Amino acid sequence: MSQVLLRQRLANRLAWQKAVNDPVRDPRNRLPQLQALQSWQAKRLSESFTDFKDNARMRPAAEFFLTDLYGERDFSGRDRDVAKVMPLMSRLLPDTLLVAAADAIGLAVLSHAFDLRMAQQLAARRRPDAPITLADYGEAYRAVGCARLRRRQIELILGVGWTLDAAVKKHGVYKILRASRFPAKAAGLSELQGFLERGFGAFDALGGAGDFLEAIGHREREASRRLFAGHPDPFGDPGPSRSRPSRTRGRGTGGSRARSGP
């Protein structure tokens, strides 16, 4: 991707992010159900990743997904860094890593838009301040709908993994990434630098991301299917994967947290 197109993508996604998170423009950002929803989803995802966390090889990647892609942490600092990334970081880092950071924003925008709609549905319950139950979550998920965008959300989640996996396989990328640490800190880009280093390190430890990402894709697609079908146990064992390889495989078009994803 050319530098011009990458800058345009960054500018567009940052504008969308600013708009969707603006509490004045969208008062749903002030709903107490929003934070409760995000906490509920973070807990559910952590439980779903138990087997990955118990696997020494997969643990770093699982922790990266849970903290830097799925987590409840504040990503605003990282994403402000991306806004400042051109032209400094573009001179220091390969496009593969910059695309991963840019696509993190795109996924964050889609995820937050789903979060707002889910929170609105939860706020409309008879007891809006009651703890969120699995039944509440499923009803809100179906009410929001947008099955195609839910599938897109999962593809974006997997895409960032394939992007980082591709970067790991390129000779010299890690040296370049480490060499950019000091200038990134001096330029106020520490959050972005940390995100990229953690992601690179996690996928380097995997030694090949195929089985990890395909397992996540299978589980999340099956959970989404069950949620839309009203299954009583949407997050239960999905059984062995029989899915096709992810359409995002090898493309390097990844994303960030999937807070409202299945």
Side-chain angles (χ1 to χ4, degrees), residues 38 40-73 75 96 99-101 103-104 106-108 110-112 114-115 137 141 147-169 195-196 198-229 231 233-262:
Q38 292 167 0
W40 191 96
Q41 291 175 137
K43 182 176 183 294
R44 194 285 294 178
L45 284 160
S46 181
E47 292 171 351
S48 296
F49 273 48
T50 297
D51 58 332
F52 295 138
K53 291 185 290 183
D54 289 342
N55 182 308
R57 182 177 68 86
M58 294 185 177
R59 187 181 305 121
E63 291 175 348
F64 175 74
F65 266 56
L66 290 171
T67 59
D68 285 85
L69 299 183
Y70 287 127
E72 294 180 88
R73 65 183 294 173
F75 293 88
T96 309
V99 168
D103 284 346
L107 180 57
L110 177 58
S111 297
H112 193 71
F114 272 132
D115 280 356
Y137 185 86
Y141 190 96
R148 290 181 64 182
L149 281 176
R150 289 293 189 182
R151 290 194 294 272
R152 174 62 176 161
Q153 188 181 33
I154 296 169
E155 294 301 322
L156 287 170
I157 296 165
L158 301 176
V160 73
W162 291 119
T163 300
L164 291 168
D165 189 52
V168 164
K169 295 173 182 175
F195 168 78
L196 293 174
R198 288 189 296 273
F200 189 97
F203 277 80
D204 186 42
L206 267 178
D211 51 352
F212 175 73
L213 294 175
E214 292 298 343
I216 291 176
H218 172 61
R219 294 180 190 190
E220 299 302 282
R221 293 186 191 103
E222 179 61 14
S224 182
R225 185 194 69 78
R226 290 184 184 183
L227 282 164
F228 278 120
H231 193 287
D233 186 19
F235 304 117
D237 184 1
S241 174
R242 295 175 296 176
S243 60
R244 300 180 299 277
S246 169
R247 287 174 295 176
T248 56
R249 183 168 186 170
R251 286 187 181 179
T253 54
S256 181
R257 56 190 167 170
R259 296 168 302 171
S260 284

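Computed from a prediction, not measured in an experiment: that's the story for all the values here.
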Check whether any side-chain heavy atom of [X] sits under 4.5 Å from a side-chain heavy atom of [Y], and report yes or no.
{"X": "R59", "Y": "E63", "value": "yes"}
{"X": "M58", "Y": "D51", "value": "no"}
{"X": "L45", "Y": "F65", "value": "no"}
{"X": "F64", "Y": "F195", "value": "yes"}
{"X": "R148", "Y": "R152", "value": "no"}
{"X": "P234", "Y": "F228", "value": "no"}
{"X": "L107", "Y": "V160", "value": "no"}

Residues forming a ring-ring contact (aromatic ring centres under 6.0 Å, His included) with F52, sequence neighbours excluded: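 Only F49, F212 meet the ring-ring contact (aromatic ring centres under 6.0 Å, His included) criterion with F52.
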
Can you give me the closest heavy-atom contact between [X] and [Y], atom names plus distance?
{"X": "K53", "Y": "S46", "value": "NZ-OG, 2.9 Å"}
{"X": "L164", "Y": "G199", "value": "CD1-CA, 3.9 Å"}
{"X": "L213", "Y": "L158", "value": "O-CD2, 3.4 Å"}
{"X": "I154", "Y": "S224", "value": "CD1-CB, 4.4 Å"}
{"X": "G208", "Y": "R57", "value": "O-NH1, 3.5 Å"}
{"X": "L149", "Y": "F114", "value": "CB-CZ, 3.6 Å"}

Candidate pair R225 and R150, rule side-chain contact (heavy atoms from CB on, under 4.5 Å), full reasoning: CA-CA 10 Å; R225 185 194 69 78; R150 289 293 189 182; over 6 Å; no

Whether R198 side chain and T67 backbone form a donor-acceptor pair below 3.5 Å: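 Checking the backbone N and O of T67 against the side chain of R198, no donor-acceptor pair under 3.5 Å is found.
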
Donor-acceptor contact below 3.5 Å, side chain R226 vs main chain F235: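 Looks like no, no N/O pair under 3.5 Å.
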
Carboxylate-amine/guanidinium proximity below 4.0 Å for E155 and R151: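 R151 and E155: not salt-bridged.
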
Short N-O contact, R44 and E47, less than 4.0 angstrom: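 Salt bridge absent between R44 and E47.
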
Separation of I216 CD1 from I157 CD1 (nearest 0.5 Å):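 If we round to the nearest 0.5 Å, I157:CD1 and I216:CD1 are 8.5 Å apart.
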
